[in-house]
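Presented below is the structure to which this report refers.
We count residues from 1, following the sequence as given. The analysis underlying the following values was restricted to heavy atoms, covering all of them including side chains, and did not include hydrogens, waters or symmetry mates.
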Amino acid sequence: MFVLQPFIISGITHLPPSTLNKDPQLGCGTDCLKVPSGQRSFGPAGVSLLGDTHLIPAGMAPGLRASPGAVVLLLSLLGLAAAGKLLVVPVDGSPWLSMREVVEMIQQKGHEVVVVAPEVSLHIKPSKNFVMKMYSVPYTQEELKQEFQAFFHFSFEQGSFLERFVKAYKGIKRITNFGITSCGHLLQNKELIRYLEDSKFDALLTDPVVLCGAILAQRLSLPAVYFLRGVPCDLDFEATQCPRPPSYVPRGFTQLTDRMSFLQRVKNLLHDIPDLFLCDFAFEPYSKLASEFLQREVTVQDLLRKGSVWLLRSEFVLEYPRPLMPNIIPIGGVNCAHKQLPQAAVPSGFKGRSVEGNHQGQLVKVCGRTLIPPAV
């Protein structure tokens with residue numbers, strides 16, 4: 001990767017007059033640019049330096065005088081600077097359906113994309129838009145399909161909190177077993193791991209709801225980009241040290257809103273207790289797997305905290321407000337189809353303005369608001 005400093009392209013560098021010194025003891029026979037310790041300076045090749053005092057002959061000061069040939073050479077490297085190699089470790093199911101569109105767009109921008117996935121999956125299939133690396137797993141397509149269907153079936157069932165909690169516990173445990181099995185076979189595939197180490201990727205894109213990608217990012221010493229809808233037990237809040245006040249951030253399964261009475265806030269706070277049990281059995285196996293693979297003690301939070309950027313598939317237009325950390329970027333629109341509404345479906349007063357919605361005109365999004373047309 002080549003990094004070109006802006007001053008090279010613009011040809012202009014501003015330095016305070018006090019930095020221009022004429023002193024033979026500095027080691028220069030001519031005028032020198034003396035940059036005090038701790039300030040940013042630029043070497044002849046345009047390399048940014050920070051630290052001890054650096055001396056640059058005034059005649060070679062970047063931006064003050066530049067060779068046309070050198071400028072042309074550096075500009076010719078812009079194409080090399082634009083491309084990179086991305087390793088993608090997706091999660092099967094709906095997470096991949098959202099991620100696939102982003103991965104294909106990255107490839108269209110000229111980047112090299114390699115997707116690592118098990119041989120048995122529901123939606124992760126080879127494509128001309130990326131390189132596919134597969135590894136074997138000990139379960140069949142039918143077994144995987146049955147477990148996914150059973151898991152999502154209980155999500156739409158009604159019942160008391162206790163009933164839904166027990167069903168969630170059983171469903172998450174079964175799905176977790178599939179994830180752990182798949183991840184174990186990936187990490188034990190020495191040939192594939194050797195290929196990934198030799199490929200020299202620039203970054204890794206994954207969904208941390210399954211921590212296999214996070215483990216692999218640490219093994220390969222790659223910056224991890226998390227592409228997620230959320231992590232069970234709100235582990236993403238804890239990993240990013242993001243506040244989640246129980247006064248207006250409703251917990252899962254509570255059916256509360258961001259406006260709660262005092263008793264509702266107490267109920268909201270108490271719902272954090274079951275998460276201690278859910279997270280223990282759902283994520284601790286990944287901690288053991290990571291500790292064995294990385295040959296050191298690793299916790300779940302250690303894995304999640306390594307996320308450099310969190311791309312959150314969420315949109316506050318349709319969700320309750322919550323605090324975000326600087327490295328958390330909402331990208332909820334990536335899940336939406338962009339289609340032009342017929343003018344008849346646009347509410348009165350909004351014609352001629354930017355309007356988004358589905359082809360039936362049932363949902364209209366205008367300037368951060370969600371409107372329901374009167375005809376619906």
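Minimum interatomic distance between Thr206 and Val210 (heavy atoms only, all atoms of both residues): OG1-O, 4.5 Å. A pairwise comparison of heavy atoms in Pro330 and Leu324 identifies CG-CD1, 3.5 Å as the closest pair. Between Pro208 and Phe283, the closest heavy-atom pair is O-CE2, 4.4 Å. Minimum heavy-atom separation, Pro90 to Met99: CB-SD, 4.0 Å. When all heavy atoms of Gly307 and Tyr226 are compared, the pair lying nearest together is CA-CE1, 3.4 Å. Residues Leu289 and Gly184 approach most closely at CD2-N, 3.9 Å, considering heavy atoms.
Between Thr176 and Arg174, the closest side-chain pair of non-hydrogen atoms is not below 4.5 Å. At a threshold of 4.5 Å between non-hydrogen side-chain atoms, the residues Pro246 and Arg251 count as touching. At least one side-chain heavy atom of Ser261 sits less than 4.5 Å from a side-chain heavy atom of Gln264. Counting only heavy atoms from C-beta outward, the side chains of Val113 and Val131 never approach each other to under 4.5 Å. At least one side-chain heavy atom of Glu143 sits under 4.5 Å from a side-chain heavy atom of Thr140. Val116 is listed as a side-chain neighbour of Leu186, based on a closest heavy-atom distance under 4.5 Å. Counting heavy atoms from C-beta outward, Asp202 and Leu87 have side chains that stay 4.5 Å or more apart. In this structure the side chain of Lys267 never reaches within 4.5 angstrom of the side chain of Arg265, judged on heavy atoms.
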Worked check of side-chain contact (heavy atoms from CB on, under 4.5 Å) between Leu204 and Val89: CA-CA 7 Å; Leu204 185 145; Val89 184; 4.1 Å; yes
Val249 and Asn268: CA distance, side-chain angles, deciding distance, side-chain contact (heavy atoms from CB on, under 4.5 Å) verdict: CA-CA 9 Å; Val249 179; Asn268 196 42; 5.6 Å; no
Trp96 and Val91: CA distance, side-chain angles, deciding distance, side-chain contact (heavy atoms from CB on, under 4.5 Å) verdict: CA-CA 6 Å; Trp96 168 244; Val91 175; over 6 Å; no
Stepwise side-chain contact (heavy atoms from CB on, under 4.5 Å) check, Ile331 with Leu312: CA-CA 6 Å; Ile331 56 168; Leu312 188 63; 5.8 Å; no
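Placement of Phe316 and Tyr248 in two distinct hydrophobic clusters is found when ILVMFWY residues are connected by side-chain heavy-atom separations under 4.5 Å, directly or transitively. By the rule that hydrophobic residues join a cluster once side-chain heavy atoms approach within less than 4.5 Å of another member, Leu263 and Leu270 end up as members of one cluster. No path of Ile, Leu, Val, Met, Phe, Trp and Tyr side chains, each step under 4.5 Å between heavy atoms, connects Val225 with Leu97, placing them in separate hydrophobic clusters.
No donor-acceptor pair closer than 3.5 Å links the side chain of Gln108 to the backbone N or O of Met105. Remark: the backbone N or O of Val298 is paired with a side-chain donor or acceptor of Ser291 at under 3.5 angstrom. Judged purely by atom type and a 3.5 angstrom limit, Gln241 has no side-chain atom pairing as donor or acceptor with the backbone of Glu238. In this structure, Asp234 contributes its side chain and Phe237 its backbone to no donor-acceptor pair below 3.5 Å. Without hydrogens or angle criteria, Ser199 side chain to Phe201 main chain gives no donor-acceptor distance under 3.5 Å. Without hydrogens or angle criteria, Arg313 side chain to Leu311 main chain gives no donor-acceptor distance under 3.5 Å.
Among pairs with a residue in residues 212-222, those fulfilling side chain to side chain donor-acceptor pair (under 3.5 Å) read Glu197-Arg219, Gln218-Arg296, at least two apart in sequence or across chains. Each side chain to side chain donor-acceptor pair (under 3.5 Å) pair with one or both residues in residues 320-331, not counting sequence neighbours, would appear here, but there are none.
In this structure, Tyr135 has no ring-ring contact (aromatic ring centres under 6.0 Å, His included) partners at least two apart in sequence or on a different chain. Qualifying side chain to side chain donor-acceptor pair (under 3.5 Å) partners for Asn177, counting only residues two or more places apart in sequence or in other chains: none. For Thr240, the side chain to side chain contact (heavy atoms under 4.5 Å, CB included) test picks out Cys242, Trp310, Met325, Ile328, with sequence neighbours left out.
The structure places CG of Asp92 at 9.5 Å from CD1 of Ile175, a figure rounded to the nearest 0.5 Å. Interatomic distance, Ser308 OG to Leu222 CG, rounded to the nearest 0.5 Å: 10.0 Å. Rounding to the nearest 0.5 angstrom, the gap separating the OH atom in Tyr139 from the CD atom in Gln146 is 14.0 Å. Here the straight-line distance linking atom CG of Asp198 with atom NZ of Lys200 works out to 7.0 Å at 0.5 Å rounding. Between the OG atom in Ser127 and the CG atom in Asn129 there is a gap of 4.0 Å [rounded to 0.5 Å]. One finds the CZ atom of Phe293 at 8.5 Å from the SG atom of Cys183 (value rounded to the nearest 0.5 Å).
Around atom NZ of Lys85, more than 12 heavy atoms belonging to other residues, nucleotides or ligands sit under 6.0 Å away.
Of the residues listed (Val300, Thr299, Leu304), the one engaging Asp302 in a side-chain contact (heavy atoms from CB on, under 4.5 Å) is Thr299, and it is the only one.
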Show which side-chain atoms of residues 117-126 pair as donor or acceptor with protein atoms under 3.5 Å away, not counting sequence neighbours.
residue : atom : partner : partner atom : Å
Ser121  : OG   : Ile124  : O            : 2.9
Lys125  : NZ   : Ser121  : O            : 3.1

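Ion pairing between a basic and an acidic side chain is recognised when a charged N comes within 4.0 Å of a carboxylate O; Glu319 and Arg229 show such pairing.
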